[in-house]
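In what follows, every heavy atom counts, from backbone to side chain, and hydrogens, waters and symmetry copies are set aside. Everything quoted here is computed from the prediction, not taken from an experiment.
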Amino acid sequence: HPDEGERRAARRETLARWYEGWARAAAANGVHAWEPTNEPNLGMPPERYIEDLLKPIYPAIKAGDPKANFLGGSICGLENHAWVRRLYELGGHAFFDGVSLHPYTGLGFDEAYRAELDLYGQVLRDFDDREADLWMTESAWHRGWGYADYTYDRFQARRESQARHAVVMHLNAEAMGIPRNKVYVFYLIEHGYNEFFLFYRAWPTSAAISIQVMNECLRDARFVREVP
């Protein structure tokens with residue numbers, strides 16, 4: 001009978017073949033961006049994330065799709081850049097092509113939002129990682145839970161203003177080096193959990209319409225600088 005080490009190696013080999021085949025099939029359908037798991041910082045130290053996920057999965061995905069964009073991080077919270085920094089300190093960036101975040105923001109929080117996004121960029125700059133990009137793979141324009149009425153009153157973060165919130169979120173991200181094509185909105189449809197989504201039943205929300213208009217107006221324009 002194989003010992004535990006042999007069984008573990010066999011499981012990894014089987015999973016590697018599965019990931020490789022999955023990546024190959026996905027690439028044939030135009031899917032090239034990957035995240036190995038969702039928000040590991042909520043219950044997994046960076047050391048385990050690297051050993052259990054990045055090291056075995058990254059080469060398997062690349063074997064199945066050499067053009068794959070494998071994203072590390074996928075972390076929850078705008079303020080958790082220290083977790084990403086630890087990944088870099090441990091050499092984890094050898095096993096991903098970019099860093100993904102799940103940040104949330106709201107009208108009135110622009111300054112803090114930009115400052116926190118810049119701290120993620122600072123991690124990449126400190127380690128001279130010129131190849132990696134930042135992605136916002138789960139994002140929304142303000143939190144839909146845990147805010148008292150006075151907070152909504154103070155920052156005008158009400159449902160009626162979601163069109164503006166959505167555009168401001170994208171433009172602030174672009175100003176901090178995260179282009180619109182690397183910002184993914186959370187969620188697509190209403191699901192009863194919070195109020196940021198793009199479709200309610202069969203109809204687009206005001207936020208969805210504003211994002212569409214923004215993209216049509218800006219098209220391939222790139223952020224250069226702000227003019228006060």
Side-chain angles (χ1 to χ4, degrees), residues 3-23 26 31-65 68-105 112-113 115-129 131-140 143-146 173 176 178 182-188 191 193-194 196:
D3 60 22
E4 179 57 31
E6 291 173 325
R7 288 195 295 270
R8 188 180 299 112
R11 286 196 296 270
R12 281 205 172 195
E13 183 179 341
T14 299
L15 281 173
R17 290 198 302 269
W18 183 72
Y19 282 121
E20 181 178 343
W22 195 14
V31 177
H32 300 281
W34 292 86
E35 291 178 298
T37 192
N38 182 54
E39 301 181 347
N41 62 307
L42 295 181
M44 182 182 296
E47 292 83 355
R48 183 181 162 200
Y49 175 69
I50 293 171
E51 292 300 320
D52 292 357
L53 296 177
L54 294 186
K55 285 185 176 181
I57 299 176
Y58 176 75
I61 294 295
K62 287 293 194 177
D65 177 14
N69 199 337
F70 192 89
L71 304 175
S74 313
I75 65 168
C76 175
L78 182 60
E79 71 286 357
N80 290 318
H81 35 81
W83 200 92
V84 173
R85 181 173 291 277
R86 184 59 179 156
L87 283 185
Y88 273 83
E89 291 172 348
L90 294 167
H93 53 300
F95 303 97
F96 55 74
D97 305 308
V99 175
S100 60
L101 325 169
H102 297 173
Y104 293 77
T105 184
Y113 177 61
E116 295 289 351
L117 286 182
D118 189 54
L119 288 172
Y120 286 100
Q122 190 60 51
V123 173
L124 274 61
R125 293 190 292 271
D126 287 347
F127 287 86
D128 197 28
D129 191 352
E131 299 298 324
D133 293 321
L134 291 175
W135 294 59
M136 286 167 44
T137 52
E138 180 183 308
S139 56
R143 297 178 188 269
W145 62 91
M176 300 312 298
I178 305 175
K182 293 179 181 176
V183 177
Y184 291 75
V185 172
F186 172 82
Y187 286 93
L188 175 62
H191 50 71
Y193 181 45
N194 49 48
F196 32 79

Measure the CD1-CE distance between Ile75 and Met44 for me, rounded to the nearest 0.5 Å. 13.5 Å
Test side-chain contact (heavy atoms from CB on, under 4.5 Å) on Asn41 and Tyr49; report intermediate values, then the result. CA-CA 9 Å; Asn41 62 307; Tyr49 175 69; over 6 Å; no
Can you tell if the side chain of Tyr19 reaches within under 4.5 Å of the side chain of Pro56, non-hydrogen atoms only? no
Looking at Ser100 and Glu35, what are the two nearest heavy atoms and their distance? OG-OE2, 2.8 Å
Modelled atom types, side-chain donor and acceptor of Asp97 and Tyr58, under 3.5 Å: yes
Evaluate Phe96 against Leu87 for side-chain contact (heavy atoms from CB on, under 4.5 Å), listing each step before the verdict. CA-CA 10 Å; Phe96 55 74; Leu87 283 185; 4.2 Å; yes
Is there a side-chain contact between Ile57 and Trp34 in this structure, where contact means two heavy atoms from C-beta onward sitting under 4.5 Å apart? no
Do Asn69 and His32 have side-chain heavy atoms sitting under 4.5 Å apart? no
Hits for side-chain hydrogen bond (donor to acceptor under 3.5 Å, both in side chains) against Ser139, two or more places apart or cross-chain, chain-then-number order -> none
Can a salt bridge be assigned to the pair Arg85 and Glu89 using a cut-off of 4.0 Å between side-chain N and carboxylate O? no
Interatomic spacing from CG in Leu90 to CD in Glu47 - rounded to 0.5 Å: 5.0 Å
Does a donor on one side chain sit under 3.5 Å from an acceptor on the other, for His102 and Ser74? no
Rounded at 0.5 Å granularity, tell me how far CG in Leu134 sits from OH in Tyr120. 9.5 Å
Determine the minimum heavy-atom distance between Ala23 and Ile61, stating which atoms define it. CB-O, 3.6 Å
Heavy atoms, side chains only, cut-off 4.5 Å: are Leu54 and Phe70 in contact? yes
To the nearest 0.5 angstrom, please state how far the CG atom of Leu53 sits from the CZ atom of Arg48. 7.5 Å
Where do Pro45 and Trp83 come nearest, in terms of heavy atoms and distance? C-CZ2, 4.1 Å
Taking 4.0 angstrom as the limit, do Glu20 and Arg17 come out as a salt bridge? no
Taking every heavy atom of Ala60 against every heavy atom of Ala16, the minimum-distance pair comes out as CB-O, 3.5 Å
If you measure from CD on Glu39 to OG1 on Thr137, what distance do you get to the nearest 0.5 Å? 8.5 Å
Roughly how far apart are Leu78 CG and Leu101 CG, rounded to 0.5 Å? 8.0 Å
Under the side-chain hydrogen bond (donor to acceptor under 3.5 Å, both in side chains) criterion, do Gln122 and Asp118 qualify, and how do the steps go? CA-CA 6 Å; Gln122 190 60 51; Asp118 189 54; over 6 Å; no
